[in-house]
Amino acid sequence: MAQFWKPGAEKPQLLDDEEGGVLFVFSSAFSSSSSGYGYASIEKQRQRLPVYKYRTAILYLVETHATTIIVGETGSGKTTQIPQYLKEAGWADGGLVIACTQPRRLAVQAVASRVAEEMGVKLGEEVGYTIRFEDVTDTDKTRIKFLTDGVLLREMMDDPLLTKYSVIMIDEAHERSISTDILLGLLKKIQKRRPELRLIIASATIEAKAMSAFFQTRRRRAVESVEPPLSMEPAILSVEGRGFNVQIHYVEEPVSDYVQAAISTVQLIHDKEPYGDILVFLTGQDDIDAAVKLINEEARNGGKNSSGLFALPLYSGLSRAEQELIFSPTPRGKRKVVVSTNIAETSLTLEGIVYVVDSGFSKQRFYNPITDIENLIVAPISKASARQRAGRAGRVRPGKCYRLYTEEYFLNEMSAEGIPEIQRSNLVSCVIQLKALGIDNILGFDWLASPSPEAMIRALEVLYSLGVLDDDAKLTSPVGFQVAEIPLDPMISKMILASNQLSCSEEVLTIAAVLSIQSIWFIERGIQKEMDEAKLRFAAAEGDHVTFLNVYKGFLRSGKSSKWCYKNYINYHSMKTVVEIREQLRRIAQRLGIVLKSCDRDMQAVRKAVTAGFFANACRIEPYSHNGMYKTVRTSQEVYIHPSSVLFRVNPKWVVYQSIVSTDRQYMRNVISIDPSSLTEVAPHFYRQQGPIF
DNA sequence: GAGCACTGC
């Protein structure tokens, strides 16, 4: 491990961290020159951040090491300060740019505007940001650029060595999103070609050792031609956070029902503890709605200990108004309980939380490459997640965290880190992106965590069947390159390409945009009947895809009205996103030479285009089936049409689906009826191999 | 008869 201290400075201490690894900590503040901006109060605030006393150390490490790993808890100020330190030290001189990536759009925007404010510059000039649909940068002026890691990956398609950047900081690396993992693998490759490029990997947890081992190049010797010599060995620096102390409580015996246990714990806190809001982590909408109802009923029925207690749900599917409720300050004499999914673990930060109740579970995605199905499964969280959850209690003052599992379980059974997303997902998009960047040997790629060979092979098979890869697993021309250019699931991209010859690109672009978001329907319990009736107003006999076209037309006709959406139980937010994605796709399609044409009422063409992308997901209803059982053509799996589909209970003989959700049954989502002859027509190579099926 | 969370030229 890298050992460094600045000559003449106090020698840093080596400390054992709690996982038994060695960390590098500086024991006293380093002197730091003022940056000279005329904002005294902001400058003072900056200096109060924990990261400030490491300023000189960070700059020295970045100068002398190709890769610097910074472990810093929330509140250390690393995200906003380090890019500024680098800029002040001259890393953006000569027209170069300092990049800092985030996994989420909101974080990119928030951090960029904060940094622009601190520097006293207009956002979009010296400090800018880029997220999908929004490029707030100026090619000539922007020196510090915040962006999502997905955008940086896309930028590599045009500039594989990312030559305009002098330093790239990958933030929140511990979250291990697919994009982060791919990016880190590629950046390691770039480093070999561009030794002058500096990487900073910022992570909240002590995964630093694994990360450091990954960036350890075989060539251990330093590059000595430069001064000071550049070490290829990663440096690790730990920066403390600024959270308050959180006292952890465990249950003595394992609980059997964590919803019930969470409710009792909330009541216990309300009964015994001083004021302060409570955040409860459960797994999904079902659990959450049930818990909220029970807590509020107890409070209303005048349970003597429950007065003043009120509970609110929090999950991604909530409307704007419901979300605002959660962020409004708690009235005096009241105690707010927010019952949330994982969304409150990383994406949203609630102020005023003093108590956290942690069920120890979350819903996680798992991919099975054999069946090619992604499942959502309630699974135990990792120690890292548990710490993150606990930390939510210490933002305003010292707090308490009640874990609904035993200490013994936490210490001995809970895994240190979660399984990285790349090992839990379908890899088609990831593989095509690597192929487009010229990485031909996917199996031999230098992964931070290697996906299973089965998953990689499955992805290669799917891409081969789509005609995106050839026999040598190289991108085909033009189809492969075109599909890679479109920022969507390759099956959807293939559907768009097919629409060109079928003269229905206008319709298919709309369908593609809708298929690439979660759902356009507004979801609320208790009003199912009204919602179903509203859906019937748009329902098309062909299936969900054509229904989406009807909704989109209606939305445009209403003048993109939010009222119209509300009246029709359609998610206004989703529709706005659909319009944006469609516009982006329209531009890309035109660049790819796709002629924008409408097929008017000829839905045959639309069905054929959908089939050209999703032929591998063809299903036939079981003969004499009275419960709507289908079998997939490829693997003969039992599947059913999802109750949210307009084809639910309609059960046409042949369908293709977009995806499968797996609960007690395997449900097909987004289903369209097809003519089986079109399968052999659009994918003869695929259906000839499968043997006689009709 | 039913939905963890993010994200992309």
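Below, chains carry the letters A, B, ... as their sequence lines are ordered, and counting in each starts from 1. Computation of the quantities below employed the complete heavy-atom set of this structure, encompassing side-chain atoms and omitting hydrogens, waters and symmetry-equivalent molecules.
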- Roughly how many Å is it from CH2 in A:Trp521 to C1' in B:dG1, rounded to a whole number? 16 Å

- How close or far is atom P of B:dA5 from atom CZ of A:Arg392, stated in whole angstroms? 15 Å

Remember a base hit wins even if backbone is also touched, and classify [X] as base, sugar-phosphate or nothing at under 4.0 Å, heavy atoms.
X        : value
A:Asp532 : base
A:Ser316 : sugar-phosphate
A:Thr148 : sugar-phosphate
A:Phe133 : nothing

- Task: Assign each of A:Ala484 and A:Thr341 to its nearest nucleotide of DNA chain B by heavy atoms, then name whichever residue's nucleotide is nearer the 5' end.
- Result: A:Thr341

Between [Y] and [X], is there a salt bridge with N-O shorter than 4.0 Å?
X        : Y        : value
A:Asp544 : A:Arg669 : no
A:Glu583 : A:Arg586 : yes
A:Glu506 : A:Arg582 : yes

- Item | Neighbour count above 12 (heavy atom, 6.0 Å) for A:Gln518 CD | no

Considering only [options], which nucleotide approaches the side chain of [X] most closely?
X        : options             : value
A:Gln528 : B:dG1, B:dA2, B:dA5 : B:dA2
A:Ile343 : B:dG8, B:dG1, B:dA5 : B:dA5
A:Arg587 : B:dG1, B:dA5, B:dC9 : B:dC9
A:Tyr667 : B:dA2, B:dC9, B:dG8 : B:dA2
A:Arg104 : B:dA5, B:dC6, B:dG8 : B:dC6

- Does the B:dG8 base have a donor-acceptor partner in the side chain of A:Asp489 within less than 3.5 Å?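 No such pair is found, so the answer is no.
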
